[in-house]
2 protein chains.
Amino acid sequence: MATRQKTGRPTLTREDLADATLRLLEREGPGGLSMRKVAAEVGVQAASLYWHVQNKEELLDLASDALWEGLEPEPPGAVAAGDDWRATVAEASRRLRAHLLAHHSAVRVLAGRFAPGPRALAPMERLLATLRGAGFSGPDAANAAYTLSTWVQGFVIHEAVPMSAAEERGATPEQASEEARQRLAALPADRYPHLVELAGEISGPGMDTRFEFGLARLLDGLERLRGTGGD
Amino acid sequence: MATRQKTGRPTLTREDLADATLRLLEREGPGGLSMRKVAAEVGVQAASLYWHVQNKEELLDLASDALWEGLEPEPPGAVAAGDDWRATVAEASRRLRAHLLAHHSAVRVLAGRFAPGPRALAPMERLLATLRGAGFSGPDAANAAYTLSTWVQGFVIHEAVPMSAAEERGATPEQASEEARQRLAALPADRYPHLVELAGEISGPGMDTRFEFGLARLLDGLERLRGTGGD
DNA sequence: TCCACTCCCCTAACGACGTTAGGCAGTCCC
DNA sequence: GGGACTGCCTAACGTCGTTAGGGGAGTGGA
């Protein structure tokens, strides 16, 4: 399995392709992706990719798994007993959000492929360890981990769509959210009274606040389960 | 603005195109979509679509909004005061999940475009009305509605991926989840002890149970906020 | 009644795309 | 040294999104 060093270039790996795909997605935005460009990114002809990968589908699946690479574990002190589990889980969630947001363009393309690939396993294992360490039963920990990670991912998707759309139009996120607010406020108030009234709250730029709100609710709900000795 | 009745066929609308796109997505699965096929579906040549739509992007955006069509409102008794808000919100969430799951193939393609389009507004308005009726402040209601809907959508995406993948291979959902379980159970137990231990819980077919778990946690968290006089 | 005008669709074509077939250098094993 | 394998290549296929330009059917004014 030695690499072919004589030609100067080590042979490609599937990971190289996944990374190149992710790089391209971020540099050129969704839609700027093609087998030919991925090939060029790694210095090869398009047809050569099919030596490593069955088709574009598989390449995208690889890229979707590679999305999880580089997600840093929360600092130690994890697997905390007592009430520290809240802080640990909250921090892990914030890191996940920040990590995915850093790849928002790729998230948009790969959202329909989110699946527990090999690289997503390590964060999931850490989360389960924290929850079990906090006293949750096996089933509760599994369900809680699933709920948390699906929520964060759903949240980020909704953040990523206007973000990359604004980016493509050369607008700032503030401009985009202001436009969204105006669209809501301009709605017929007799049919959508609450949307009109809450236009500022719904489309405001306060995504950090909104994330913390959801996170706090979720953790509260989990805490109550733990307190009542769930399952 | 009269329709051209004499030729037998009323002229196309953008809604027709969105519906046809959705139909095609469900019939042929993700990847079976092209401008030419959408055109054929409505009995027209591909180039004619560009009279109604700027490009494929816009067509997909229309389809993503059309996804919300047909989502039935929860039965009346909504906007309930007291503790009934829990039942109302829970029912709305279950209906949303069921509705999106009925279009899982489209969900996969359109996940990266989820945005509050015109047709998504009515369900959101209803949800806000319920929450405000239950005593939540404006900002709390807005945040709660956002948290709930992003979670349901994230959940469904994670459900839709293996579902349509299994469908394409002609496997049953049970087979698919059993395969997922075996993949987890076969992991190195020293590196992923909790994943191996909980393989059955994580990849089991009990998606309904898992959904109810997350829903209950979320509602518990919201209830606590209401109880403490949120805002 | 005729004529301009708009609406909505058509045919034809362009370049880029995903993918396959077949070939050809280097490298490894005997 | 010879065969087999690996990892790339060139060439080509059919399909795709999209544009240019044309035309017929309906509408409103003279």
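Every heavy atom of this structure was used, including side-chain atoms; hydrogens, water molecules and symmetry mates were not. Lettering of chains follows the sequences in order, A, B, ..., and the numbering in each one begins at 1.
- Rounded to the nearest 0.5 angstrom, B/E201 CD and A/N143 CG are separated by 7.5 Å.
- In the helix from C/dT1-D/dA30 to C/dC30-D/dG1, the rotation axis of the first five pairs and that of the last five pairs differ in direction by 0°, rounded to 10 degrees.
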Show me, pair by pair, the donor-acceptor contacts under 3.5 angstrom made by side chains of residues 35-47 of chain A, not counting sequence neighbours?
residue, atom, partner, partner atom, Å
A/K37, NZ, A/E28, OE1, 3.4
A/E41, OE1, A/R27, NH1, 3.4
A/E41, OE1, A/R27, NH2, 2.7
A/E41, OE2, A/R23, NH1, 2.6
A/E41, OE2, A/R27, NH2, 2.8

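- A distance of 13.5 Å separates CG in B/L100 from CZ in B/R95, rounded to the nearest 0.5 Å.
- A salt bridge is defined here as a Lys NZ or Arg NE, NH1 or NH2 lying under 4.0 Å from an Asp or Glu carboxylate O, and A/D65 with A/R14 fails to meet this definition.
- Applying a 4.0 Å cut-off to non-hydrogen atoms, the residues of residues 48-67 of chain A that approach DNA chain C are A/Y50, A/N55, A/K56, listed by residue number.
- Listed by first and then second residue, the side chain to side chain donor-acceptor pair (under 3.5 Å) pairs involving residues 101-113 of chain A are A/E26-A/H103, A/E57-A/R113, A/D61-A/R113, A/H104-A/E167, A/R108-A/S164 (not counting sequence neighbours).
- Atom-to-atom distance recorded for A/I202:CD1 and A/H194:NE2 is 10.5 Å, nearest 0.5 angstrom.
- Taking atom CD of B/Q45 as the reference point, atom C1' of D/dG17 lies 15 Å away to the nearest angstrom.
- A salt bridge does not link A/R191 with B/E125: none of the charged nitrogens is closer than 4.0 Å to a carboxylate oxygen.
- Annotation: proximity of residues 28-36 of chain B to DNA chain D (heavy atom, distance under 4.0 Å) is found for B/S34, B/M35, B/R36, numbered in ascending order.
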Audit row: A/L184, A/Y192, side-chain contact (heavy atoms from CB on, under 4.5 Å) steps and yes/no: CA-CA 9 Å; A/L184 284 180; A/Y192 305 106; over 6 Å; no
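- Closest to the side chain of B/T11, from the set C/dC8, C/dC10, D/dC9, is C/dC8.
- A donor-acceptor contact closer than 3.5 angstrom is absent between the side chains of B/E179 and B/Q175.
- Listed by first then second residue, pairs satisfying ring-ring contact (aromatic ring centres under 6.0 Å, His included) with a partner in residues 145-171 of chain A read A/Y146-B/F155, A/W151-A/F155, A/W151-A/F211, A/F155-A/F211, A/F155-B/Y146, not counting sequence neighbours.
- Whole-Å rounding puts the B/R14 CZ to C/dC9 P distance at 14 Å.
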